[in-house]
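Quick notes on the structure that follows.
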Amino acid sequence: MTLLTVWAETDPTTPLLQTIDTAEIATALKPLGVSFDQWAPRDVAPNASGDEVLAAYADEVERIKVAEGFIKVDVVALKPSDDPSWPETAAGARAKFLNEHKHDDDEVRFFVAGAGVFYLHVDGKVHAVYCEAGDLLSVPAGTTHWFDMGTDPMFAAIRFFHDEDGWIGDFTGSSISENFATFDELHATRQSLSA
């Protein structure tokens, strides 16, 4: 269940909007130039390789590539492990995206499994979009944002790029991401709303 929470950038404690209604989420994000859609989930094994994931969604991926002119598509995935180095790996992966940044390219992600939260900082507001399997989010180039995968990340997502170099972040130096609810907190909120 997708969750959208919107705050004023100056008040991270009082949501202006909080909804799990997908139509309302898409409507709220549209003025930001952000598109939100959902694809029917495919039967993909939990340990599927990136190639297997892309093969399962080949029709959808090709349609997006042609429509938007993407030249590179890949799969990023993290899941909990019994490996003693997992906590360090998870913390490092989370830290990479947790500070506010922007890109010269659109950020387009389709969640195949698990969940993550995109925080979009636009026009004096922060829009936190809790995405899960089946959600497609397209954030326009130049949009300041950050991403939280949580303290114990578990997700797989298809990424689309217009540039062969892939993910390149331009960090703003702002500490705003420290002020808003984390993935873990929004995950708990989502759980309570679906109960």
Side-chain angles (χ1 to χ4, degrees), residues 1-18 25 28-29 32-34 36 50 74-81 83-133 135-161 163 165-191:
M1 180 176 58
T2 311
L3 170 68
L4 172 65
T5 307
V6 181
W7 303 270
E9 64 184 4
T10 55
D11 184 3
T13 60
T14 310
L16 303 172
L17 171 67
Q18 192 160 60
I25 290 169
L29 295 176
L32 310 180
V34 174
F36 171 78
D74 68 12
V75 176
V76 61
L78 278 173
K79 64 180 181 173
S81 166
D83 188 310
S85 66
W86 168 247
E88 184 179 339
T89 299
R94 182 180 187 222
K96 179 176 180 180
F97 307 106
L98 203 50
N99 292 313
E100 185 181 66
H101 59 277
K102 57 187 176 179
H103 307 286
D104 291 336
D105 196 0
D106 298 338
E107 183 148 356
V108 180
R109 302 290 181 266
F110 171 70
F111 281 79
V112 176
V117 180
F118 280 93
Y119 298 78
L120 314 173
H121 183 198
V122 182
D123 295 335
K125 295 177 183 172
V126 172
H127 297 70
V129 189
Y130 180 105
C131 296
E132 63 176 3
D135 290 344
L136 174 70
L137 191 71
S138 178
V139 179
T143 303
T144 53
H145 66 283
W146 65 95
F147 177 74
D148 190 356
M149 61 185 73
T151 53
D152 198 21
M154 201 296 284
F155 72 94
I158 299 174
R159 307 187 299 178
F160 297 82
F161 301 100
D163 190 321
D165 291 335
W167 193 94
I168 300 172
D170 178 13
F171 289 86
T172 67
S174 170
S175 61
I176 190 170
S177 64
E178 298 171 10
N179 302 328
F180 288 84
T182 64
F183 169 92
D184 295 343
E185 291 165 325
L186 291 173
H187 180 75
T189 297
R190 174 191 165 276
Q191 296 295 91

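Every heavy atom of this structure was used, including side-chain atoms; hydrogens, water molecules and symmetry mates were not.
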Handout entry: For Trp146, the option from Val117, Asn99, Ile176 that meets side-chain contact (heavy atoms from CB on, under 4.5 Å)
Key = Ile176
Exercise for the section: Verify the neighbour count for atom CG of Asp170: are there more than 12 heavy atoms of other residues, nucleotides or ligands below 6.0 Å? Expected result: yes
Handout entry: Short side-chain donor-acceptor distance under 3.5 Å, Ser85 and Asp83
Key = yes
Practice task
Over all heavy atoms of both residues, which pair between Leu186 and Leu3 is shortest? Give the atoms and the distance, please.
Solution key: O-CD2, 3.8 Å
Exercise for the section: Ignoring hydrogens and angles, state whether a donor on the side chain of His145 or His101 is under 3.5 Å from an acceptor on the partner side chain. Expected result: yes
Problem - Minimum heavy-atom distance between Val76 and Phe155, given as atom pair plus value - result: CG1-CE1, 3.9 Å
Practice task
Measure across Trp7 and Pro12 and return the closest heavy-atom pair with its distance rounded to 0.1 Å.
Solution key: NE1-O, 3.3 Å
Handout entry: Close side-chain approach of Val129 to Leu29, heavy-atom, < 4.5 Å
Key = yes
Practice task
Name the orientation class of the two ring planes belonging to Phe183 and His187 (parallel below 30°, tilted from 30 to 60°, perpendicular beyond 60°).
Solution key: parallel
Fill in the blank from the handout: Taking every heavy atom of Ala133 against every heavy atom of Val112, the minimum-distance pair comes out as CB-O, 3.4 Å
Handout entry: Distance-only side-chain donor-acceptor flag, Thr182 / Asp148, under 3.5 Å
Key = no
Exercise for the section: Keeping the roles fixed (side chain from Tyr119, backbone from Ala181), state whether a donor-acceptor pair exists under 3.5 Å. Expected result: yes
Exercise for the section: Look at the aromatic rings of Phe147 and Phe111 and report parallel, tilted or perpendicular, splitting at 30° and 60°. Expected result: tilted
Exercise for the section: Taking Ser177 for its side chain and Leu98 for its backbone only, find out whether a donor-acceptor pair lies under 3.5 Å. Expected result: yes
Practice task
Please check if atom CG in Asn179 has more than 12 non-hydrogen atoms from other residues, nucleotides or ligands closer than 6.0 Å.
Solution key: yes
